[in-house]
There are 2 protein chains.
Amino acid sequence: MRRRCSSLPKDAPAVELVDMTVSPEPLDPSVERLARLKGDRCKAKIAADRLKSLTDLIDEEDLAAEAQVFRAISDPFRLSVLKLLRDGELCVCEIMTALDRPQSSTSHHLSILKRAGLVKERKEGKWSRYRLADGAVIEMMKLAEILRLG
Amino acid sequence: MRRRCSSLPKDAPAVELVDMTVSPEPLDPSVERLARLKGDRCKAKIAADRLKSLTDLIDEEDLAAEAQVFRAISDPFRLSVLKLLRDGELCVCEIMTALDRPQSSTSHHLSILKRAGLVKERKEGKWSRYRLADGAVIEMMKLAEILRLG
DNA sequence: CTTATATATCGAAATGATTCGATATGACTG
DNA sequence: CAGTCATATCGAATCATTTCGATATATAAG
């Protein structure tokens, strides 16, 4: 007699297990790969279910939003802007002067940082003053330094 | 008589201050911008010096390396790979199955994560098993979630 | 109202990233 | 050694980003 996965109830109805040792319904093609990988279809099913439950926890929308946060910091110039802002609020003019970049470039990058929620803007007359949006930004930079070394 | 910045010693030698109120040597053109910005050349000099000391602290090489770390996480697919790996080691085959992507793509993205120091690889026969390189990776993802909400 | 200054946005060229099929490498299997 | 399976790398098409000059907007000063 064929064995079934131990996670299934022992007294489950004896449905026709023609060639499917694990479950009555045919396995997903991608799970078949894992079945061959594991050598054991029971283990394959368990592994596949585990992977599926993990991927189900990942929300597409959150994923895109969080990736955008990282993308915003992933440019060397924008990272240096964030490092400058650790020391306090600065206007566009000061940032472009300190980092020696054209005004349009500086403004563009600041808009990307703002859209990602990394900096906040405060309008004061004809000046736009930017500051870090959250202490979490500083923490992220610290962690990147740690990863860089380790 | 022209005034000089209060941060300079009162008894400094009376060098020729033809039109330069602050320092004998001509100011950098970019600092001139700040001078007009501040309205006061003394304040401009101080602000410019502060900005310069801040930018001097930023090392070009570190900057590029840290930006690369963020760039590696900045792709939605790679971020979802990292989220999967929070739960433990996985081989390429499992990852491509779980996230439903071609093998070449999966492998390519894993190499990017590895190069950035975010994951580590362990070869075992014909399998390559990947795991998170450091707890700091998980911390980074948590911070991104915080920034996303705040 | 005109001018000057600070910032934002546009547009187009240059550059870089992503994607995936095809192919290569490298290890286990018969 | 031939075949199979897991992974890596290549190549080319597509797509996104970066860059900077030119232009637009908006505020302050004369």
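Just so we're on the same page: letters track the sequence lines, and every chain starts at 1.
Salt-bridge check for B:R129 with B:E124: passed, with a basic side-chain N closer than 4.0 Å to an acidic carboxylate O. For B:E139 and B:K142, the salt-bridge test passes: some basic side-chain N is under 4.0 Å from an acidic carboxylate O.
Distances shown here put every side-chain N or O of A:S107 at or beyond 4.0 Å from the OP1 or OP2 atom of C:dT9. For D:dT7, the OP1/OP2 oxygens have no side-chain nitrogen or oxygen of B:H108 closer than 4.0 Å. Listed pair A:S105 / D:dC20 meets the phosphate criterion, a side-chain N or O lying under 4.0 Å from OP1 or OP2. Within the structure, every side-chain polar atom (N or O) of A:S104 is placed at least 4.0 Å from both OP1 and OP2 of C:dC10. The phosphate of C:dA8 (OP1 or OP2) has a side-chain N or O of A:Y130 nearer than 4.0 angstrom. Side-chain N/O atoms of A:R78 include one lying less than 4.0 angstrom from OP1 or OP2 on D:dT18. Contact check, A:R71 against C:dT18: a side-chain N or O comes under 4.0 Å of OP1 or OP2. For A:R129, no side-chain nitrogen or oxygen approaches OP1 or OP2 of C:dT7 to under 4.0 Å.
Separating the NE2 atom of A:H109 from the C1' atom of D:dT19 is a distance of 7 Å, rounded to the nearest angstrom. Distance A:E124 CD to C:dA6 P: 14 Å, rounded to the nearest Å. Between the CD1 atom of B:I112 and the P atom of D:dT9 there is a distance of 12 Å, given to the nearest Å. Nucleotide D:dG21 holds its P atom 11 Å from the CE atom of A:M96, rounded to whole Å. Whole-Å rounding puts the B:E94 CD to D:dA6 P distance at 11 Å. Between A:I95 atom CD1 and C:dA8 atom C1' the separation is 14 Å, expressed in whole Å. Distance CG (B:L99) to P (C:dC20): 13 Å, rounded to an integer number of Å. Remark: C1' of D:dC20 and CZ of A:R101 are 10 Å apart, rounded to the nearest angstrom.
When each of A:K126 and B:L110 is assigned the nucleotide of DNA chain D with its nearest heavy atom, B:L110 is the one assigned upstream, toward the 5' end.
When each of D:dT7, C:dT7, D:dA28 is scored by its nearest atom to the side-chain atoms of B:V92, the top-ranked nucleotide is D:dT7. Of the candidate nucleotides C:dA8, C:dT18, D:dA6, C:dT18 has the atom nearest to the side chain of B:D75. Ranking C:dT18, D:dA6, C:dT7 by closeness to the A:K123 side chain, first place goes to C:dT7.
With hydrogens and angles ignored, no donor-acceptor pair under 3.5 angstrom links the side chain of B:Q103 to the base of D:dA6.
Within the 3.5 Å criterion, the main-chain N or O of B:C91 finds a donor-acceptor partner in the side chain of B:E94. Between the A:S107 side chain and the A:S104 main chain, no donor and acceptor come within less than 3.5 Å of each other. Of the possible donor and acceptor atoms, one in the side chain of A:T55 sits under 3.5 Å from a partner among the backbone N and O of A:K52.
Residue B:E121 is classed as a sugar-phosphate contact, given heavy-atom separations below 4.0 Å to backbone atoms only.
Judged by a 6.0 Å distance limit and a 45° cone about the ring axis, B:R122 is not positioned over the six-membered ring of B:Y130.
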